[in-house]
Amino acid sequence: MSKSIIQDKRSGECYLCNLLLGIDTPAPIREEHHVMHGTANRKLSEHYGLKVYLCPYHHRNGPQAAHRCRQTDILLKQAVQRAFERKYGSEKWMEVFGKNYLDTNLWESPQEAAGQEPGAAPPGSSRTAAGQEPAATWKNQQNEPFNQNNISQNTPSGFCFLKQDPEKEEL
């Protein structure tokens, strides 16, 4: 097993708790997260040390967990790409992974990337009433950002935490 190139395992902290919330105290439980996932990429992630240590909330349970939130996934991929490129160079990154995650277009919704207005109905779908609030998007399920009291100053611009739907009942 290779050591992480962006986080010291011995520090005991959750990478995302530290990055997003400024919490640098050791987490009681941490799980290893291979940032480049999938069968082949997981092996490459292990080989090059492209992994971080996350608390269960940021790894798989919480709304902004690495396995549940596309923005968190991209944020982590950008972090490991920067670290990888410092160590091996950008040509090696493209040779191994073939995709540039530092491209700012990754933050766009699929509709924005297709040249439509954000929140516009996708082609072929129908809207119920004019002036209706747009449906929630992967960018922000409630179409409203968390207030600054809930987010660290270190949170990257454009990053929105997802809130639970208050109308959904707990099981």
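Values below: all heavy atoms of this structure, side chains included; hydrogens, waters and symmetry mates excluded.
Ring centroids of H67 and H33 are separated by less than 6.0 Å, placing the two rings close together.
The ring-ring contact (aromatic ring centres under 6.0 Å, His included) search around Y88 returns Y48, F84, not counting sequence neighbours. In terms of the salt bridge (Lys or Arg N to Asp or Glu O under 4.0 Å) criterion, residue partners of E31 (sequence neighbours excluded) are, by chain and number, R60. Scored by the ring-ring contact (aromatic ring centres under 6.0 Å, His included) test, H37 finds no partners at all (sequence neighbours excluded).
Here the side chains of C69 and P63 are not in contact, with every heavy-atom distance at 4.5 Å or above. Using a 4.5 Å heavy-atom threshold, the side chains of E46 and E32 count as touching. When side chains are defined from C-beta on, L102 counts as touching R82, because their heavy atoms get closer than 4.5 Å. Considering only heavy atoms from C-beta on, E85 comes within 4.5 Å of Q81 through its side chain. Looking at heavy atoms from C-beta onward, L21 lies out of side-chain contact with L16 at the 4.5 angstrom threshold.
In terms of heavy-atom proximity, K51 sits nearest to I6 at O-CG1, 4.1 Å. Here the closest non-hydrogen pair linking D73 and A66 is CB-O, 4.1 Å. Heavy-atom minimum distance, A27 versus C14: CB-N, 4.3 Å. Here the shortest heavy-atom pairing between A65 and Y57 reads CB-O, 3.4 Å. Closest heavy-atom contact between Q64 and T72: O-OG1, 2.7 Å. D24 and E13 make their closest contact through O-OE1, 3.3 Å (heavy atoms, listed as atom of the first residue, atom of the second, distance).
By the criterion of side-chain heavy atoms lying less than 4.5 angstrom apart, applied directly or through intervening Ile, Leu, Val, Met, Phe, Trp or Tyr residues, V35 is grouped together with Y101 in one hydrophobic cluster. In terms of hydrophobic clustering, with Ile, Leu, Val, Met, Phe, Trp and Tyr side chains grouped at heavy-atom distances under 4.5 Å, V52 and L19 are assigned to a common cluster.
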**Report entry** Worked check of side-chain contact (heavy atoms from CB on, under 4.5 Å) between I5 and L50
**Finding:** CA-CA 6 Å; I5 64 171; L50 307 180; 3.5 Å; yes
